Amino acid sequence: MGRQTPLYDSHVASGAKMVDFAGWDMPIHYGSQLNEHRQVRQAAGMFDVSHMAVVDLAGAATRDFLRHLLANDVAKLQTSGAALYTCMLNPAGGIKDDLIVYRRDDGAYRMVVNAGTRDKDLAWIREWAADFDVAVTERPDLAMIAVQGPAARDAVHGVVSDGLAAGLADLERFHALAGDGLFVARTGYTGEDGYEIIVPGDAAADLWARLAARGVAPTGLGARDTLRLEAGLNLYGSDMDEDTTPLESALGWTVAWEPAERDFIGRQALEAQRAAGPARILVGLVLEGRGVLRGHQKVITDKGEGETTSGSFAPTLERSVALARVPAGTTSAQVEIRGRLHDVIISRPPFVKNGQPNLHI
Amino acid sequence: MSDIPKDLRYSPSHEWVRDEGNGVVTLGITDHAQESLGDLVFVELPEVGQAIAVGDEMGVVESVKAASDLFSPVSGEVVEVNETLGDTPEAINGDPYGDGWIAKVKLSVPAELDELLDADAYTAVAEEEDD
């Protein structure tokens with residue numbers, strides 16, 4: 001048996017099929033992954049993402065530390081609650097993890113990092129923090145529920161106090177607001193509007209039940225994966241890892257090059273790659289015919305070989321899509337599925353935008 | 001618990017076989033298999049006229065999360081395939097022993113049917129996988 005989140009009993013009571021995910025017992029679906037996917041696109045679904053790690057940082061040098069640790073620049077976070085998506089790099093420019101960092105009051109910050117990288121991330125963060133006046137605190141006492149979909153915000157507004165609901169109604173995307181003992185961020189991983197709610201572990205099951213009573217469907221990690229793929233969002237460990245840089249992972253936009261004097265980990269290597277031009281890039285693929293693209297299939301292009309990094313049937317499109325790492329300059333490609341080459345179209349993600357197909361075909 | 005009809009025979013790789021009594025069998029994947037795979041989104045069918053032997057790959061069923069080879073539980077010639085699965089692969093989820101049938105095979109070695117698992121033996125296989 002793996003680690004369990006505070007919502008484990010809620011999942012089992014809802015008939016979830018539980019699987020191991022990075023050492024955690026997590027729901028893959030509650031009956032039908034496809035129905036859950038569609039529910040999120042059309043109304044609202046909720047995900048238990050408590051296996052992700054919340055890390056709080058505080059101390060006089062926290063801002064300086066994060067400007068060194070992260071490839072994006074927390075100096076952009078002008079107000080309390082503002083958030084930033086960023087990569088944390090190794091000195092070679094490889095991606096240690098992707099994460100969201102939030103600015104909090106009094107120079108404190110909060111980061112949410114992936115479940116599978118939790119231990120490695122914490123060791124890395126603590127190693128570099130030793131040179132700064134920063135206290136690094138993991139928060140295993142907290143749970144996290146993502147509520148996503150066109151009806152997600154209204155549903156959340158209905159289960160919090162009137163005061164918090166009023167604040168949330170005005171909350172901009174990529175900003176967070178604390179209240180009612182919750183930390184509510186207008187962020188997500190599905191391409192839909194919604195919130196990621198950090199909640200004390202002992203209050204998580206009650207919040208989950210109140211959201212369910214509002215018609216928010218429990219949604220498993222299976223649908224989370226097809227939703228994020230349709231939205232063209234990278235999955236750590238599949239589409240990016242320590243051997244690939246942001247420039248090779250379609251994440252160049254998350255790197256803050258200015259100010260030029262900011263010395264972040266990996267900068268030197270990344271600048272060299274930027275000057276030479278990355279040899280490999282991450283692109284979106286759409287299968288022309290029938291079949292299903294998966295990760296780690298061979299891609300034959302006009303510029304040489306590549307590989308799919310993740311692929312699946314895309315329920316909103318009713319066809320298959322993939323992300324693939326291919327030689328820079330690739331203009332045409334085929335994917336080998338069980339020994340046969342299949343035609344694919346190179347299409348810039350997201351494949352689905354605002355719940356609608358967004359294919360550049 | 002999955003539905004495992006008493007009147008069918010089974011392979012350990014989760015195919016079912018119905019003896020139609022005229023030297024032809026109908027086959028598909030079991031309820032247990034479709035449950036394990038989840039929502040099916042694509043089926044690669046064998047070809048009519050194709051000669052197959054026990055254990056041959058004769059198609060692929062793909063769910064949202066995984067692809068699974070379909071192995072022939074018998075030897076013979078494919079005489080009919082369920083073309084409707086091209087548009088409605090989910091029929092296998094909804095009715096694996098009925099509308100979700102995959103192919104009909106004219107047997108070349110009818111005695112092979114006796115080698116297949118009966119419902120009780122297959123139940124044991126399925127239960128072991130669930131543990």
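Here the structure is a predicted model, which is why all the values come from computation and not from measurement. Letters go in sequence order (proteins before strands), and every chain restarts at 1.
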Quiz item: Which residues, numbered in order, of residues 35-53 of chain A come under 4.5 angstrom of chain B by heavy-atom distance?
Solution: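 Counting heavy atoms that sit under 4.5 Å from chain B, no residue of residues 35-53 of chain A is involved.
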Quiz item: Hey, which residues of residues 286-300 of chain A are touching chain B, say heavy atoms under 4.5 Å apart?
Solution: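 Counting heavy atoms that sit under 4.5 Å from chain B, the residues of residues 286-300 of chain A involved are R290(A), G291(A), V292(A), R294(A).
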Quiz item: Is it the case that R280(A) and T330(A) place a side-chain donor and acceptor less than 3.5 Å from each other?
Solution: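 Looking only at side-chain atoms, T330(A) and R280(A) do not form any donor-acceptor pair under 3.5 Å.
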Practice problem: Give a yes-or-no answer on whether the side chains of E307(A) and T309(A) include a donor-acceptor pair shorter than 3.5 Å. | Solution: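 Side-chain D/A pair, E307(A) to T309(A): absent.
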Could you tell me whether the side chain of [X] and the main chain of [Y] form a donor-acceptor pair under 3.5 Å?
{"X": "T308(A)", "Y": "G311(A)", "result": "no"}
{"X": "D97(A)", "Y": "N114(A)", "result": "yes"}
{"X": "T117(A)", "Y": "K120(A)", "result": "no"}

Quiz item: Can we say E112(B) and R9(B) salt-bridge, meaning some charged N sits less than 4.0 Å from an Asp/Glu carboxylate O?
Solution: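 Salt bridge between E112(B) and R9(B), a charged N being under 4.0 Å from a carboxylate O: no.
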Quiz item: Any salt bridge between R325(A) and D239(A), counting N to O under 4.0 Å?
Solution: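 No salt bridge links R325(A) with D239(A).
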Quiz item: By a 4.5 Å heavy-atom criterion (distance strictly below it), what part of S32(A) contacts chain B: side chain, backbone, both, or neither?
Solution: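 The answer is both parts of S32(A).
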Exercise. Walk me through it: do D120(B) and K6(B) pass the test salt bridge (charged side-chain N to carboxylate O under 4.0 Å, His left out)?
Key: CA-CA 8 Å; D120(B) 288 344; K6(B) 292 284 186 194; 2.8 Å; yes
Quiz item: What pairs meet the ring-ring contact (aromatic ring centres under 6.0 Å, His included) rule with one or both residues in residues 25-68 of chain B, with sequence neighbours excluded?
Solution: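 Qualifying pairs, neighbours excluded: H14(B)-H32(B).
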Practice problem: Hey, could you give me each pair passing ring-ring contact (aromatic ring centres under 6.0 Å, His included) that has a residue in residues 50-104 of chain B? Not counting sequence neighbours. | Solution: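 Applying ring-ring contact (aromatic ring centres under 6.0 Å, His included) to every pair that reaches into residues 50-104 of chain B, excluding sequence neighbours, yields W16(B)-Y97(B).
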Quiz prompt | Region of E44(B) that comes under 4.5 Å of a non-hydrogen atom in chain A | solution =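 Only the side chain of E44(B) comes within 4.5 Å of chain A.
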Quiz item: Any idea which of N93(B), V43(B), D69(B), V64(B) has the most non-hydrogen atom pairs under 4.5 angstrom with chain A?
Solution: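 Of the options given, most contacts go to V64(B).
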Self-check item: E47(B) atom CD, over 12 foreign heavy atoms within 6.0 Å
Solution: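 Check fails, neighbour count at 12 or below.
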